> 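For reference, the structure I am asking about is given below.
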Amino acid sequence: MFRSKLKTVLLSTSVTILAVSLILFPQESLKASVRGLDMWWEIVFPSLLPFFIVSEMLIGFGVVRFIGVLLEPLMRPLFKVPGVGGFVWAMGMASGFPAGAKFTARLRQEGQLTQIEAERLVSFTNSSNPLFIFGAVSVGFFHNPRLGLLLGLAHYLGNICVGIIMRFYGNESQVETREGRKKFKLRAAVSALHQTRLTDNRPIGKLLGDAVNSSIQTLLMVGGFIILFSVVNKLLYHLHITAALGKSVEMGLSFLSFPEMLSIPFISGLFEITLGSDLTSRVEAATLLQQAMITSFILAFSGFSVQAQVASILAQTDIRFQPFFIARIMHGIFASLLALILWKPIYLRFSSYEQPSNAIPVVFFEDGSWANHFYHKMLELGPLITIFSLLVYVFILFHRLKKS
């Protein structure tokens, strides 16, 4: 009872302080809000929307179930999750936060995952997308395309390590499905695809409309969190709370022989990864290796902004948030250590040669490359894609309300 009252007092006090801060710093709050809005409608919305819509249709048509049966022999022994986890894993890496949580929650609602399996799966399928790591962080912040390969490998290998550890999480109370005991069988996968399609007998038009509606609703929620935490991060800085928290971090950084100036970027990154990565790249007192390790932790931890998005999505199911949060801490530690371990064999090796034969992933993000060009095109066309998609969403919603 006391703990519940204390929680109520803390939450009420925090919201009151936030409201007062908005009144005291209106201009700073507006700038931070606009910054979050720009990030959402230029990059996040147009880059995630196609993945969300296509994924919803793949689930409805039974393709995900088909993939799940095929990948069962791989995903079950390695991560102790059903084969459909392979689809979530791939889509999470390709599209970035919070796709892994959305697809995991969707499959849990479909009954294709148990609660424990869903908590394992969501812990290692949420990651930053390659475009953000290579384009925004490496090229945009550090102006160093070759750093992207190091950050990307540390990030994704760290997530695999988390997945392997999380396979030991929870007690299995459910018996494995028949597909889980079978070996690779194409006929069983095709049969599962057909049965899923028969079960979900929605017409294609209805399925597409539902996919667009669900995807845009999720992205509107994501945009709200991005804007909110952009403002909160700025207010914490002006209230000197970030600096106060940074003092406690300085002790740990000093123990690791890291410059104390990294404390503010680190604290900022705990709330929002874009700002934290940008500030880390500007600390001239730190070596590039130290900056890479801090940035790797920030990207892996994913920030309270992304974690709030995930918590909101998971709240629609019985998937608990605590395992995900613990996994983010583990991911941050693994990613930082991997950045240190891979520094010499990966970054220094690629930097010592002007054009190594196997440096294709890095060359893709050099100045003038197609990937760098795509990133800047997204900044230009992203708002138009967002506005058009929102108009389609309004049309579908109005049409359904009119019919009902």
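Keep in mind the model is a prediction, meaning the values are calculated, not measured.
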> Thr218: which residues meet the side-chain hydrogen bond (donor to acceptor under 3.5 Å, both in side chains) condition with it, sequence neighbours left out?
Lys102
> For Ser128 and Leu299, work out which heavy atoms get closest and say how close.
OG-CD2, 4.5 Å
> What I'd like to find out is whether the side chain of Phe124 reaches to under 4.5 Å of the side chain of Cys161, using heavy atoms alone.
no
> How would you list all residue pairs meeting side-chain hydrogen bond (donor to acceptor under 3.5 Å, both in side chains) that involve residues 9-24, not counting sequence neighbours?
none
> CD1/Ile298 to CD1/Ile294 distance, rounded to the nearest 0.5 angstrom?
6.5 Å
> Counting C-beta onward and ignoring hydrogens, is there a side-chain heavy-atom pair between Ile329 and Phe334 closer than 4.5 Å?
no
> So which heavy atom on Phe45 is nearest to which on Ile216, and how close?
CZ-CG1, 4.2 Å
> Any donor and acceptor pair, going by atom type alone, linking the side chain of Glu272 with main-chain N or O of Thr274 inside 3.5 Å?
yes
> Quick check: do Leu207 and Phe61 have side-chain heavy atoms less than 4.5 Å from each other?
yes
> Backbone N or O of Thr114 within a donor-acceptor pair of the Glu117 side chain at under 3.5 Å?
yes
> Is there a donor-acceptor contact under 3.5 Å from the side chain of Ser138 to the main chain of Gly148?
yes
> For Phe304, give me all partners under ring pair (Phe, Tyr, Trp, His ring centres under 6.0 Å), at least two apart in sequence or on another chain.
Phe271, Phe301
> Can you tell me which residue pairs pass the side-chain hydrogen bond (donor to acceptor under 3.5 Å, both in side chains) test with a partner in residues 314-328, sequence neighbours excluded?
Arg108-Asp318, Glu119-Arg320, Asn159-Arg328, Tyr169-Arg320, Arg328-His331
> To the nearest 0.5 Å, what is the distance between NZ (Lys234) and CD (Gln27)?
11.0 Å
> Can you see which heavy atom on Gly92 is nearest to which on Ser127, and at what distance?
O-OG, 3.5 Å
> So do the side chains of Met330 and Ile165 get within less than 4.5 Å of each other, counting heavy atoms only?
yes
> Identify the two heavy atoms, one from Leu147 and one from Ala292, that lie closest to each other, and give their separation to 0.1 Å.
CD1-CB, 4.1 Å
> If you take the centroid of each ring, where Trp contributes its six-membered ring, are Phe97 and Phe132 closer together than 6.0 Å?
no
> Give a yes or no answer on whether the side chain of Ser281 reaches the backbone of Phe142 with a donor-acceptor pair at less than 3.5 Å.
no
> With side chains defined as the heavy atoms from C-beta onward, is the minimum distance between Ser302 and Asn126 less than 4.5 Å?
no
> Would you say the side-chain atoms of Ser214 pair up with the backbone N or O of Asp210, donor to acceptor, closer than 3.5 Å?
no
> Between the side chain of Arg120 and the main-chain N/O of Gly163, is any donor-acceptor distance below 3.5 Å?
no
> Take atom CE of Met261 as the centre, draw a 6.0 Å sphere, and report whether it contains more than 12 heavy atoms from other residues, nucleotides or ligands.
no
> Contact between Phe266 and Leu279 at the side-chain level, heavy atoms closer than 4.5 Å - yes or no?
no
> Run the side-chain contact (heavy atoms from CB on, under 4.5 Å) test on Arg35 and Lys31 for me, step by step, so that the C-alpha distance in whole Å, both residues' side-chain angles and the decisive distance to 0.1 Å come before the verdict.
CA-CA 6 Å; Arg35 175 183 171 275; Lys31 289 182 179 179; over 6 Å; no
> For Ser123 versus Ala327, what's the shortest heavy-atom pair and its separation?
CB-CB, 3.5 Å
> As a quick check of understanding, evaluate side-chain contact (heavy atoms from CB on, under 4.5 Å) for Leu288 and Trp343, giving each step before the final call.
CA-CA 10 Å; Leu288 186 58; Trp343 177 255; 3.8 Å; yes
> Dump the intermediate steps for side-chain contact (heavy atoms from CB on, under 4.5 Å) on Val137 and Ile273, then the final yes or no.
CA-CA 10 Å; Val137 178; Ile273 58 175; over 6 Å; no
> Below 4.5 Å, heavy atoms only, C-beta onward: do Asp38 and Trp41 meet side chain to side chain?
yes
> Do side-chain atoms of Tyr347 reach the backbone of Leu289 as a donor and acceptor pair under 3.5 angstrom?
no
> Which residue pairs satisfy the salt bridge (charged side-chain N to carboxylate O under 4.0 Å, His left out) criterion with at least one member in residues 281-306, sequence neighbours excluded?
Asp278-Arg282
> Checking side chain to side chain contact (heavy atoms under 4.5 Å, CB included) against Met75, which of Val84, Leu70, Val81 comes through?
Val81
> Quick one: closest heavy-atom pair of Ser268 and Asn233, and the distance?
O-ND2, 3.4 Å
> Let me confirm one number: the CD1-CG distance from Ile341 to Leu150, rounded to the nearest 0.5 Å.
11.0 Å
> Could you give the distance from CG (Leu239) to CG (Leu235), rounded to the nearest 0.5 Å?
6.0 Å
> Using atom types as modelled and distance alone, determine if a side-chain donor or acceptor of Ser33 lies under 3.5 Å from a backbone N or O of Ser29.
no
> Within the distance-only criterion (no hydrogens, no angle test), does the side chain of Glu56 pair as donor or acceptor with the backbone N or O of Ala211 below 3.5 angstrom?
no
> Is the backbone of Met293 close enough, under 3.5 Å, to the side chain of Ser336 for a donor and an acceptor to pair up by distance?
yes
> Within this structure, what is the CD1-OG distance for the pair Ile226 and Ser305, rounded to the nearest 0.5 Å?
6.0 Å
> Should Glu260 and Lys247 be marked as a salt bridge (charged side-chain N to carboxylate O under 4.0 Å, His left out) after you check the CA-CA gap, both sets of side-chain angles, and the distance that decides it?
CA-CA 9 Å; Glu260 295 181 355; Lys247 290 295 181 180; over 6 Å; no
> Determine whether Leu208 and Ile53 satisfy the following criterion, side-chain contact (heavy atoms from CB on, under 4.5 Å), listing intermediate values before the conclusion.
CA-CA 8 Å; Leu208 178 60; Ile53 294 176; 4.3 Å; yes
> Could you measure the distance from the CG atom of Leu270 to the CZ atom of Phe297? Nearest 0.5 Å is fine.
6.5 Å
> Does Ile133 reach the side chain of Tyr156, with side-chain heavy atoms less than 4.5 Å apart?
yes
> Ring pair (Phe, Tyr, Trp, His ring centres under 6.0 Å) with Tyr237: which residues, sequence neighbours excluded?
none
